[in-house]
Undergrad: 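Below: one structure in structure tokens.
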Amino acid sequence: MNKQTELTGRDRQLLEKIEEIVVNGGGERREADSLYGFCAHLASTVPQAGDAFRQRLEARLVARVQQPQEVRTLGTASQDKGEARSPSWLQRLAQGVGRINQIFEGGLTMKKGFALAALAALIIAVSTALFVPSVRAQVAAWLGFGFEQQETLPPLLVKVLARAPWDTPEGTSFEMFTFQIPEERWAQFEGSGFSTLQPGTRIPLPNGNTLSVPGYRPEGYRWQGVVPMQDALMALGFSPVASESGAGGGSSLPPYDSDIVNYLIGGNRANQFLLLAQFKGDLDPGLLFQAYHVMSPAKQSPTSVEDATSNSPPEIVPTPTPGTSFYAAKTQVGLVIQPAEEQEGLVFLLGQGELHETTVGETSAWWYQGTWNAVGEWVEDGTISLIWEQDGLTYQLTGQELTLGELVCVAESLR
Amino acid sequence: MQSRLDPEWERALVEKARQAPAAFRELYNHYFPRVYAYVSYRVGRVRDVEDLVADTFLRVVERLDEFQWRGEGSFAAWLFRIAHNRVSDFHRRGRGAEELVPLDELPELETNELLPADAVLQREKFAYLRRLIGILSPRRQEIITLKFFGGLRNKEVAALLGLDERTVASHLCRGVKDLHRQYVDGFVQTKEGDYQ
């Protein structure tokens, strides 16, 4: 036996004691100075989750368990009928292979050769129907059912660049938008008696797209309608946000009005927000998308704003810093859009934010923590952003003081 | 720590859980505290813990059809392998890189003591124990947290980590003794102050 793994009698006794403590709990009070007492102390120092998180996750998981059940029920209803169960496709295939073996038993004759050629032609025809979209659509229409074709986008470009939002190379075109969310919006919202639309309702948007009312909302958050934060302000029963925009750097950017839209879709009493950005990913030439949040005076002292502004590198041209009036509002969010050099599609600019992979439903998604602030610093302020593709569009959902799980719940309830 | 499920009952639950939410709920309620405690010790910050625990259980739901019952403890080992992989992935990305997590960002502890001061003390104890465990080798950290907080048997830990059961037992003994030594020394040194 290896010396390293050799156990003494005391070791075995210790292992038995550990097993007993683990199974029965470490509740017994002992002095942790003794070895067994320490084990009991260790086993009884158990972190526990908050009830809210535990219950939310449970609800989400149970919904997932029920979801595939419905799919299975649709596909194999006969399986639940016991003896009336029909053979699975695999069993049927196996029977078919056995039948083919019987046919070709005794050698290949002319008649069997024709049968084999016909079978090969049939396989080729079916394959063609399955792999060529137009043929597939026609065959589907002829058969009286439809395929749901997944629209694919060019690969989403997600870059991590350590660069300030205002650090635009000289001569580079840019456009910027900043939106004030009034401090008193919660009171207005509650006072106006705004009625929330039913989850799943498709809201027509000014850019021609639609947006589903999410079915899930984080604790303490209320839906406040949909407020597009770009060009056409549309407030659905809720006081509009104010906006400021600017541009510079020379030539105009390629038109993208209907391709990038930012929406405020909810918030809570503490003025934390839930933002949804919707993009068309087939931009050519590409655009850089850089979201930022301006801290409220309560969260960021005027001194620090001045200091940070004065510390901005003097050679930065242009400097689309938000106007001072914007610091009077509680929360401001904005975005800077610039051309993406030699790249197609969307490029999200992250500072030191690390990019992680996750999923929204069955779809690959990315998430990161942090955002830009008004003076071009990357800050980890409890903001998490989730990016995913859906129905031919790219979405970015951003929330403050929410967990990734909560954002994923919101994202999945948009589908 | 909850007592372990009867193997036959657990097997039935796992099979039913693929379609019956009630069976899934029972499994979830049984394993959630253990997974949460294990991930908390391995990660620390409550936000990260919640993300990883949610991710673990979502994967469990997605892959439940792939699970094959291989006897007593096989489901726990399978579930904790998923959690272990999520935690390893988290550390590989450098997210948990040697940093002191502020007390108010740590999870709360199971306690019957309701006084706020007791809750703070409990968190300090947790922070201290977590730091002690962090001094051990990665393998011993993993074995001790899977054992004490995941509630796994040695053979389940061995199967999960691809080790011999004797090796797990040896690491467990030595790891616990090291921890105890550090705990006593550290406690004596800091008795006048706090756990940090």
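Below, each value reflects all heavy atoms present in this structure, side chains not excepted, and no hydrogens, waters or symmetry copies. Throughout, protein chains are lettered first and strands after them, A, B, ... in sequence-line order, and every chain is numbered starting at 1.
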Undergrad: Would you mind reporting whether Phe149(B) and Thr45(A) have side-chain heavy atoms less than 4.5 Å apart?
TA: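 Side-chain contact under 4.5 Å: no.
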Undergrad: Quick check: closest heavy atoms across Tyr41(B) and Leu42(A), and the distance to 0.1 Å?
TA: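 Closest pair (atom of Tyr41(B), atom of Leu42(A), distance): OH-O, 4.4 Å.
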Undergrad: Is the shortest heavy-atom distance from the side chain of Glu50(B) to the side chain of Leu57(A) under 4.5 Å?
TA: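 Side-chain contact under 4.5 Å: no.
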Undergrad: By a 4.5 Å heavy-atom criterion (distance strictly below it), what part of Phe57(B) contacts chain A: side chain, backbone, both, or neither?
TA: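 For Phe57(B), heavy atoms of backbone and side chain both lie under 4.5 Å from chain A.
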Undergrad: Quick one: what part of Ala22(B) sits under 4.5 Å from any heavy atom of chain A, side chain, backbone, both or neither?
TA: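 Nothing of Ala22(B), per the 4.5 Å heavy-atom cut-off to chain A.
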Undergrad: Heavy-atom pairs under 4.5 Å with chain A: which of Leu152(B), Val53(B), Val168(B), Ile144(B) has the most?
TA: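 Among the listed options, the one with the most contacts to chain A is Val53(B).
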Undergrad: Answer whether the closest heavy-atom distance between the side chains of Arg10(A) and Lys177(B) falls below 4.5 Å.
TA: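 Counting from C-beta outward, Arg10(A) and Lys177(B) never come under 4.5 Å.
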Undergrad: Would you find a donor on one side and an acceptor on the other, under 3.5 Å apart, between the side chain of Tyr28(B) and the backbone of Arg54(A)?
TA: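 Checked: pair present.
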Undergrad: Can we say Arg25(B) and Glu58(A) salt-bridge, meaning some charged N sits less than 4.0 Å from an Asp/Glu carboxylate O?
TA: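 Between Glu58(A) and Arg25(B) there is a salt bridge, with a charged N closer than 4.0 Å to a carboxylate O.
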Undergrad: Is there a side-chain contact between Leu106(B) and Pro47(A) (heavy atoms, below 4.5 Å)?
TA: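 They are not in side-chain contact.
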Undergrad: Let's test your reading of the structure: which of Leu132(B), Ile133(B), Leu64(B), Leu179(B) forms the most heavy-atom pairs below 4.5 Å with chain A?
TA: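 Of the options given, most contacts go to Leu179(B).
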Undergrad: Check the surroundings of atom CD in Glu15(B): do more than 12 heavy atoms from other residues, nucleotides or ligands lie under 6.0 Å from it?
TA: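 Result for CD/Glu15(B): enclosed.
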Undergrad: Under 4.5 Å between any side-chain heavy atoms of Tyr36(B) and Val46(A), yes or no?
TA: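 Not in contact.
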Undergrad: Mind checking the OG-NZ spacing from Ser44(A) to Lys125(B)? Nearest 0.5 Å is all I need.
TA: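 One finds 7.5 Å between OG of Ser44(A) and NZ of Lys125(B).
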Undergrad: Could you look at Leu404(A) and say if it's the side chain, the backbone, both or neither that has a heavy atom under 4.5 Å from chain B?
TA: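 For Leu404(A), the contact with chain B is made by backbone and side chain together.
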Undergrad: Can you tell which of Thr358(A), Asp11(A), Leu61(A) has the highest number of heavy-atom pairs within less than 4.5 Å of chain B?
TA: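 The answer is Leu61(A).
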Undergrad: Could you state the interatomic distance from CD (Gln369(A)) to CG (Asp48(B)), rounded to the nearest 0.5 Å?
TA: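 Going from CD on Gln369(A) over to CG on Asp48(B), the span is 6.5 Å.
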Undergrad: Quick one: closest heavy-atom pair of Val22(A) and Phe148(B), and the distance?
TA: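 Of all heavy-atom pairs spanning Val22(A) and Phe148(B), the closest is CG2-CA, 4.1 Å.
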Undergrad: Identify which part of Phe24(B) has an atom lying under 4.5 Å from any heavy atom of chain A, answering side chain, backbone, both or neither.
TA: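 Phe24(B) touches chain A through side-chain heavy atoms alone.
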Undergrad: Please state whether the side chain, the backbone, both or neither of Leu58(B) comes within less than 4.5 Å of a heavy atom of chain A.
TA: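 Both backbone and side chain.
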Undergrad: Please find the pair of heavy atoms, one from Leu15(A) and one from Ala169(B), that lie closest to each other, and give the distance.
TA: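 The pair with the smallest heavy-atom distance is CD1-CB, 3.6 Å.
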Undergrad: Which bit of Arg60(A) comes within less than 4.5 Å of chain B, counting heavy atoms only: side chain, backbone, both or neither?
TA: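 The answer is the side chain of Arg60(A).
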